[in-house]
Novice: 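Dumping the structure here so I can ask a few things about it.
Everything numeric in this text was worked out from a predicted model, so none of it was measured. Whatever order the structure lists ligands and atoms in, that order sets their numbers, starting from 1.
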Amino acid sequence: MTSLRSLPSVDFLLQQGSGLIRTYGRPLTVRALRETLETVREEVRAGSEMPPIERILKLTETRLADWVRPSLEPVINATGVILHTNLGRAPLSKAAIQAMLTVSGGYSNLEFDLESGKRGSRLIHAEALLTQLTGSEAAVVVNNCASAVLLVLSALARGKRVVIARSQLVEIGGGFRVPDVMKQSGAKLVEVGTTNKVRLDDYEEALSGAPALFMRAHRSNFRITGFTEEPSLKQLAELAHQHGTILLDDLGSGTLLDVTRYGLAHEPTVQESLEAGADVVMFSGDKLLGGPQAGIILGRADLLAKIKKHPLARAVRADKTRLAALSATLLHYLKDEAEREIPIWQMMAEKPERLRARAQAWQAWLGFGEVVPSESAIGGGSLPGETLPTFVLSLSVKSPEKVLASLRKRTPPIIARTENNRVLLDPRTVLPEQEPLLLTALAEAARV
Ligand SMILES: *Cc1c(COP(=O)(O)O)cnc(C)c1O
């Protein structure tokens, strides 16, 4: 048995491993060396040979590399789900990424009025673009749509009753439930109608009594079909205005483009909601807008002024990188180049023939797999149940779950899906620059 006395000291190893100190710093290197030596000691006690110094240093380096590896890292999305909430929703356009870089490496006029040299407002940066694009009187940008809903209700509905259809009391995912948010804001929920039907009369009746306002929430992740009825947004807005009250519209995904051009079901646009007479409209920045995580609030200037002044507005405010990326994204819409420049619209617009050609090129390069028709989903609480026709590379493997797990272990990790005991890879959501990495990984996964 090797004597534990021949175990090298931390000081000796530190001298040998000066490169590690340069890369990882002394305290972290010392900690890693101690932990490695501890493991080695146990192994030697259990009867193993004393490893050479180089081996101990190598083990230490592996440990250190593991410690500093960022927990949040890029992945390749081969699932075909365009707005995959668990994979970070919308990838940003080149211009949006550049805008974030430009504004974050130094100082900016975030809250500084260059004209007067005095304090300015961060809210103006995306506001002009948003009002131009949508015709809204004003705009407020916050952290995300959930905080937009909380802020709007807190500022406008506190102590009041909020009338909403029972069929719209949704849970979006991640525990965001419309009724819970209302409770948080100090508003009192008044449910009207039944699970499948709500009439204008139901809303009108709810207005008798204490002050009340109307709210509509988009059914983002489910559909009601069959025997259903619901007044239009326009009818709701008119009724609200006749009674001197207001209508709030939580659109969730909030698209600026009409998605029917991709053969999808109609998704109400932000412009339509405002035209129908909604007084305040809320939607996400990273769903069908294709921008950074953000919550966008549009509507009547007097109501938005109240929202801007509410203390919560400060708590949920948007940072400079978000405002920069959002403005760059909005600019694509203003210049009528959204479909060309914003990744989610590029993916949405990709023709099945093109996707088939990409999948076939993968197959040709790999020399295995089959190209078969399939469906890509929109995801991210947008257009539930709607899919786009696609072609996928289908791999027949012994254990699909094992292959998925091994693809997830790659750098960058690859996320795919299985169907009928096959591994499916959808080119629609794989960025062209990621293709070489994906193919190398698949070739290696097939060899084992
Ligand atoms: C997605 C969604 C939200 C939450 O949006 P985040 O930007 O994820 O906070 C709120 N309301 C509706 C209707 C949604 O679809």
Novice: For Ala217, is at least one N or O under 3.5 Å away from an N or O on ligand 1?
Specialist: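 No - when backbone and side-chain N and O of Ala217 are compared with those of ligand 1, no distance drops under 3.5 Å.
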Novice: Going by the atom numbers of ligand 1, which of them fall below 4.0 Å from some non-hydrogen atom of Ala146?
Specialist: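 Atoms satisfying the 4.0 Å criterion: 4 (C), 5 (O), 6 (P), 9 (O).
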Novice: Using a strict cut-off of less than 4.0 Å between a Lys/Arg side-chain nitrogen and an Asp/Glu carboxylate oxygen, indicate whether Glu127 and Lys308 qualify as a salt bridge.
Specialist: yes
Novice: Taking 4.0 angstrom as the limit, do Glu341 and Lys94 come out as a salt bridge?
Specialist: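 Salt bridge between Glu341 and Lys94, a charged N being under 4.0 Å from a carboxylate O: no.
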Novice: Should the pair Glu61-Arg63 be classified as a salt bridge under the 4.0 Å nitrogen-to-oxygen rule?
Specialist: no
Novice: Before we go on, tell me: are the rings of Tyr262 and Trp345 under 6.0 Å apart, centre to centre?
Specialist: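 Yes - the distance between ring centres of Tyr262 and Trp345 falls below the 6.0 Å cut-off.
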Novice: What do we get for Gln293 next to ligand 1 when only non-hydrogen atoms under 4.0 Å count, side chain, backbone, both or neither?
Specialist: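 None of Gln293 does.
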Novice: Give yes if a backbone or side-chain nitrogen or oxygen of His218 is under 3.5 Å from a nitrogen or oxygen of ligand 1, and no if not.
Specialist: no
Novice: Before signing off on this row, confirm whether Ala294 and ligand 1 have an N or O atom pair separated by under 3.5 Å.
Specialist: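 So ligand 1 has no N or O lying under 3.5 Å from an N or O of Ala294.
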Novice: Can you tell me if Lys287 has a non-hydrogen atom under 4.0 Å from ligand 1?
Specialist: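 Contact present.
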Novice: Using a plain distance cutoff, I'd like to know if Ser284 has any nitrogen or oxygen under 3.5 Å from a nitrogen or oxygen of ligand 1.
Specialist: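 So ligand 1 has an N or O lying under 3.5 Å from an N or O of Ser284.
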Novice: Would you mind checking if Arg122 and Glu111 are paired as a salt bridge, meaning a charged N to carboxylate O distance below 4.0 Å?
Specialist: yes
Novice: What heavy-atom pair brings Phe391 and Ala359 nearest, and what distance separates the two atoms?
Specialist: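 Nearest heavy atoms, Phe391 then Ala359: O-CB, 4.2 Å.
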Novice: Of the backbone atoms (N, CA, C, O) and the side-chain heavy atoms from C-beta on, which set of Arg89 has a member under 4.0 Å from an atom of ligand 1: side chain, backbone, both, or neither?
Specialist: side chain
Novice: What do you reckon, does Asp250 put a non-hydrogen atom under 4.0 Å from ligand 1?
Specialist: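 In this structure, Asp250 qualifies as a contact of ligand 1 - some heavy atom is under 4.0 Å.
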Novice: Does a salt bridge link Glu435 with Arg358, judged by any charged N lying under 4.0 Å from a carboxylate O?
Specialist: yes
